[in-house]
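Structure first, then comments.
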Amino acid sequence: MPPPARVFFVLPGGISLLFRESASSVAARILEGSLALHLTENFRHLHGRRAGQSEIRSWERSLPALVNALLDAGLGDVEVLIEYSLPLTSKRADAVLAGVHPTTGEPSYVIVELKQWGAARPDEDEPLLCRLDAYPDPVLNPIEQVRGYCEYLLSFNGALERMPQALAGVAFLHNATEARIAGLRGVDEDQHGRMYTGEQRGAFIEFLRSRLAAKPGAETADALLSGKIRPSKQLMAVAAAEIREREQFVLLAEQRVAYEMVMSAVRKAKQSNHKQVVVVTGGPGSGKSVVALSILGDLYRRGVTAYHATGSASFTKTMRKVAGTRMPVVRELFKYFNSFMDAEPNDIDVLICDEAHRLRKTSANRYTKAELRTGRPQVAELIDAARVPVFLLDQHQVVRPGEMGTKEEIQRAAAAQGLDCTVVELDGQFRCGGSDAYEKWVVDLLGLEGGTPAPWEPDGKLDLRTAESPQELEDFLVARRADDYSARMSAGYCWKWTKEVAAGMTELPNDVVIGQWERPWNVFGDRSVLGAPPSPLWATEAAGFGQVGCVYTAQGFEYDWSGVIIGPDLVWRTDRWVVDRAASKDPIFTKATPDSEIDRLIRNTYKVLLTRGMVGTIIYSTDQETRDKLRSLVHPASGVEAPALV
């Protein structure tokens with residue numbers, strides 16, 4: 001009888017896994033019928049939701065295939081890490097095998113991707129993407145999927161830094177025959193990416209023996225799990241190198257699918273004058289902008305005509321400054337959505353529309369020339385301008401009246417022109433410490449998808465706290481900055497914003513006033529004022545700390561620690577949220593803006609602000625009842641006293 005089951009593991013750096021035991025012990029749990037039950041319960045505690053039926057079926061059908069192969073290989077002492085989360089992301093490897101190399105005696109690790117597929121074929125002769133009858137959309141070739149996992153783990157786990165040769169990756173399609181997946185072999189195989197079918201079970205066993213000795217692997221597993229996690233590559237820090245020099249990011253799973261779908265569309269456009277629309281959707285931190293910059297950088301280095309466009313002055317101006325430093329030709333790659341009103345049809349090869357939830361009904365504004373005021377929908381203009389228009393969006397980030405970028409709107413616009421529209425859904429989480437549980441908690445907290453606020457169950461990936469005063473929030477962030485973390489304070493738009501600093505003033509006006517605590521909004525406009533950075537650079541320049549950012553300067557950016565002030569526009573009353581439109585000072589809301597739209601936009605605003613932090617988030621509300629509610633959710637066991645912030 002195996003020992004009592006170990007609960008899920010949460011380790012420093014946000015690494016987690018559902019289960020860890022030797023292959024022999026896992027086999028015993030499978031035999032007694034308890035493994036799937038343990039995994040299901042651990043999954044619920046770790047991720048804040050129930051495991052899907054497809055995940056449970058995989059545990060019940062694929063894990064036995066792997067464990068039996070290990071036993072037949074004589075590797076019962078090898079340690080099996082089940083559902084190992086890759087550092088700083090919500091993506092998980094089905095299993096990581098930890099042991100000793102049979103030749104060198106050094107640590108050896110094998111990432112295993114398990115597939116129940118019986119058959120698969122390349123997507124229109126694109127072996128990196130493949131089609132299955134059970135899935136409506138193409139998925140990544142499993143060889144490339146596991147190779148991506150290996151490359152990502154090598155980039156972030158310090159235990160592998162000095163021994164990259166210790167890691168191997170393999171996909172095991174235990175239900176497939178060679179004939180039914182032959183087309184997938186068009187992808188090159190190497191140490192980090194290879195594939196075996198059920199028909200090749202003997203070869204798979206020999207591969208396992210070539211990487212793992214018949215010795216205990218517990219110490220080797222400990223070394224991997226205690227390896228120091230390197231900081232994630234923040235977008236702005238490596239933007240210039242990504243575009244001008246070389247690839248900086250490892251794209252995983254659906255991110256890589258989105259990238260390959262665009263590249264496939266580019267090839268078709270050149271070969272057969274084919275035009276195709278691609279839509280990439282995903283929540284905050286799912287990697288939309290990473291995908292966008294990866295595509296732009298690759299096309300730029302190949303000499304393909306491509307532009308990046310947004311509806312955000314902050315994001316576009318920051319990219320021009322960061323990526324285009326001393327290179328005017330790179331600065332010119334970054335445009336606005338309304339830059340294409342008079343573009344010739346298909347004049348551009350690829351137009352990458354990032355933050356496409358900020359699309360507006362038309363591009364016209366008060367400065368638009370009369371001859372360009374055609375009333376043509378902005379989305380139609382953007383589709384017209386390029387052979388391959390790409391839209392990346394999260395419709396829960398619509399925060400202004402008139403913003404209308406949704407998947408459905410773009411699909412309708414493509415259909416109106418008789419164009420194919422491919423949609424790729426990104427379901428990973430690469431911000432908020434890779435905590436998909438936190439993103440779900442925020443969505444439920446704000447009731448954006450019909451959920452209700454629930455207690456936060458710490459998952460070791462993101463540090464969530466509350467503050468009892470704005471000064472406590474600021475002091476906590478100051479301490480984090482002293483530890484070399486980046487940090488910003490942001491708030492709902494509940495205080496009037498002095499947009500012009502009078503001559504002779506020596507400090508920015510303190511517009512955000514909460515009791516005795518007073519701080520300025522971030523600078524309005526494109527020029528630095530009194531040492532504070534211009535609005536577009538508030539989130540990325542160190543001098544931005546000390547000013548309070550609003551959603552328009554925070555959206556699209558990330559920093560290690562996020563301090564969020566929930567203003568009087570959103571308060572908790574007894575059993576529900578109440579939106580007070582009168583408390584909002586956002587001039588974009590007018591009397592004509594319906595209450596229902598303001599309700600949605602204010603909730604979306606706080607979703608944006610609450611999902612900027614990479615390491616942690618600290619929340620303060622100006623309302624006592626709301627503070628009590630937040631404390632009861634974030635610290636459910638702490639009673640009425642908030643825990644000390646250290």
Side-chain angles (χ1 to χ4, degrees), residues 11-17 81 84-98 107-113 128 140 143-171 188 190-194 220-221 223-260 285-295 297-298 426 428-436 460-462 484-486 558 560 614-615:
L11 301 135
I15 297 176
S16 62
L17 57 147
L81 313 182
Y84 173 91
S85 74
L86 299 175
L88 306 173
T89 169
S90 62
K91 290 298 179 186
R92 309 185 303 273
D94 290 335
V96 176
L97 310 179
S108 185
Y109 306 98
V110 180
I111 297 179
V112 184
E113 179 63 22
L128 280 172
L140 193 61
I143 299 172
E144 198 64 24
Q145 181 180 354
V146 75
R147 179 157 38 226
Y149 289 171
C150 287
E151 292 172 358
Y152 188 91
L153 193 56
L154 286 170
S155 296
F156 287 100
N157 191 306
L160 298 169
E161 184 174 9
R162 297 179 182 176
M163 49 177 187
Q165 73 284 351
L167 185 64
V170 60
D188 292 337
D190 58 21
Q191 178 176 313
H192 292 155
R194 64 181 63 226
T220 307
L224 180 71
L225 296 175
S226 62
K228 183 177 180 180
I229 302 304
R230 300 190 188 101
S232 64
K233 293 181 179 180
Q234 295 194 13
L235 189 73
M236 297 304 170
V238 296
E242 175 64 43
I243 293 170
R244 286 149 40 177
E245 301 169 20
R246 62 194 181 279
E247 185 176 345
Q248 295 288 308
F249 301 103
V250 178
L251 301 181
L252 294 179
E254 296 84 9
Q255 292 178 333
R256 186 61 185 274
V257 171
Y259 172 91
E260 294 298 340
S286 57
K288 298 183 296 297
S289 292
V290 166
V291 171
L293 284 198
S294 296
I295 293 169
D298 196 342
L426 303 182
Q429 175 55 253
F430 294 79
R431 194 180 287 152
C432 306
S435 176
D436 53 355
K461 293 188 172 188
L462 179 116
D484 293 327
Y485 289 102
S486 61
E558 59 195 26
D560 294 329
M614 298 284 286
V615 174

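All residue numbers refer to positions in the sequence shown, counting from 1. Just so it is clear, the structure is predicted and the values come from calculations on it, not from any experiment.
Of all non-hydrogen atoms in R147 and G193, the two that sit nearest each other are NH1-O, 3.9 Å. Across all their heavy atoms, Q165 and Q191 have their closest contact at O-NE2, 3.1 Å. In plain terms, the two heavy atoms of A159 and A223 that are nearest each other are CB-O, 3.5 Å. The two residues H192 and A168 come nearest to each other via the heavy atoms CD2-CA, 4.4 Å. Closest of all the heavy-atom pairs between L462 and S435 is CB-CB, 4.3 Å. Closest approach of C150 and L167 over heavy atoms only: O-CD2, 3.6 Å.
The shortest side-chain heavy-atom distance between L17 and V96 does not fall under the 4.5 Å cut-off. You'll find the side chain of Y109 reaches within 4.5 Å of the side chain of L160, heavy atoms only.
Here CD of E144 is found 11.0 Å from CG of L252. Values are rounded to the nearest 0.5 Å. Going from atom OG1 of T220 over to atom CG of L225 covers 11.0 Å, rounded to the nearest 0.5 Å. Atom CD1 of I111 sits about 10.0 Å away from atom CG of L97, to the nearest 0.5 Å.
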Please assess N157 against L86 for the test side chain to side chain contact (heavy atoms under 4.5 Å, CB included), listing each intermediate value before the final yes or no. CA-CA 9 Å; N157 191 306; L86 299 175; over 6 Å; no
Side chain to side chain contact (heavy atoms under 4.5 Å, CB included) between Q255 and S294: does it pass, once the steps are laid out? CA-CA 10 Å; Q255 292 178 333; S294 296; over 6 Å; no
For L224 and Y84, run side chain to side chain contact (heavy atoms under 4.5 Å, CB included): C-alpha distance rounded to whole Å, both residues' side-chain angles, the deciding distance at 0.1 Å, then the answer. CA-CA 11 Å; L224 180 71; Y84 173 91; 4.3 Å; yes
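Under the rule for a side-chain contact (heavy atoms from CB on, under 4.5 Å), the partners of E113 that lie at least two apart in sequence or sit in another chain are D94, K115, Q145, V146, Y149, A171.
Between the side chain of E260 and the backbone N or O of L140 there is no donor-acceptor pair closer than 3.5 Å.
Around CG of D190, the count of heavy atoms belonging to other residues, nucleotides or ligands within 6.0 Å exceeds 12.
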